[in-house]
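All ligand and atom numbering here is 1-based and tracks the order in the structure. Owing to the predicted nature of the structure, the values given are computational and were not obtained by experimental measurement.
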Amino acid sequence: MKPLIAGNWKMNGLSASVQEVQKLIGLFSGSVPDDRDILICPPATLVGLFAAEFSDEGIAVGGQDCHANASGAHTGDVSAEMMADAGAAYIIVGHSERRADHAETDEAVRRKAQAVWRAGLTPIICVGETEAERRAGREKEIVGAQLSGSIPAGDDAYVIAYEPVWAIGTGLTPTPGDIAEMHAFIRSRVRDGVRILYGGSVKPSNAKEILAIANVHGALVGGASLKADDFYAIIKAA
Ligand code: PEP
């Protein structure tokens, strides 16, 4: 399976950040490799600008969230159709920060993933256990329930990102054995051809080891995707 290396910029970036992506392309000597998919999910304000600048340069652009409806009285929200119109190819749904900050349930995430399909795009559906859940040995139970509740019925394409909540932005990562075990579990629960990304403190120093683990088909990268040098090193490791 072709690896997907996705950058989640979260609430970071202004129009001047175009220069950071231009720097990334420059590090590839202007020719981004096509044997792996590269995706940047900037804040919604930058999706149109980045798509216009970079979609033809081998860097896909995605959204970080969307509303389940296509339009209507939802002040401050952005629909999947609007993301598609701006040039997005993917939309992240169910990131743990959205599940925590906006009380998003599996049902809400499933409806968002369905909206992404409706707009003709690919959802990246995030799942992952908290530290307390892992300590209690409940990680598969939690992730299994999130998979059952968050993946819509249907044949459209989707990507799963396994992101242990306790590994996001902390510098902590599960052991390679724990990642392998969880990815094998997720593999057994999703259909063939679905890419399963690992996310949580991926950085240049651990990317090669993580991306070599069985059933890891890429990475969802937060902090390290903001710096061209670091994101370049992670893409090269794939
Ligand atoms: C993320 O936010 O999806 C993420 C994995 O963040 P970080 O790489 O900073 O841990």
Self-check item: N/O separation below 3.5 Å, T170 to ligand 1
Solution: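 No, T170 has no N/O under 3.5 Å of an N/O on ligand 1.
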
Practice problem: For ligand 1, find out whether one of its N or O atoms is nearer than 3.5 Å to an N or O atom of S201. | Solution: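 Yes - when backbone and side-chain N and O of S201 are compared with those of ligand 1, one distance drops under 3.5 Å.
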
Quiz item: Any non-hydrogen atom of G169 lying under 4.0 Å from ligand 1?
Solution: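 Distance cut 4.0 Å: G169 passes for ligand 1.
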
Practice problem: Apply the test side chain to side chain contact (heavy atoms under 4.5 Å, CB included) to residues N8 and Q64: give CA-CA distance (whole Å), side-chain angles for both, the deciding distance (0.1 Å), then the verdict. | Solution: CA-CA 7 Å; N8 171 17; Q64 299 176 10; 3.6 Å; yes

Self-check item: Option with minimal heavy-atom separation from atom 7 (P) of ligand 1, where the choices are G222, S96, S225, C126
Solution: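 It is G222 that holds the nearest heavy atom.
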
Exercise. State which residues pass ring pair (Phe, Tyr, Trp, His ring centres under 6.0 Å) with H217; sequence neighbours excluded, sorted by chain then number.
Key: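 Ring pair (Phe, Tyr, Trp, His ring centres under 6.0 Å) check on H217 returns nothing, list empty.
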
Self-check item: By ring pair (Phe, Tyr, Trp, His ring centres under 6.0 Å) - contacts of F50 (at least two apart)
Solution: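 Per chain and number, F50 pairs via ring pair (Phe, Tyr, Trp, His ring centres under 6.0 Å) with W9, F54.
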
At less than 4.0 angstrom from any non-hydrogen atom of [X], what atoms of ligand 1 do you find?
X    : result
A167 : 10 (O)
G223 : 7 (P), 8 (O), 9 (O)
N8   : 1 (C), 2 (O), 3 (O)

Practice problem: Hey, could you give me the NZ/OG distance between K203 and S225, rounded to the nearest 0.5 Å? | Solution: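 K203 atom NZ to S225 atom OG measures 14.0 Å (nearest 0.5 Å).
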
Exercise. Count the heavy atoms of every other residue, nucleotide or ligand shown that sit under 6.0 Å from CG of D101, and state whether that count exceeds 12.
Key: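 Yes - once you tally the heavy atoms of other residues, nucleotides and ligands closer than 6.0 Å, there are more than 12.
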
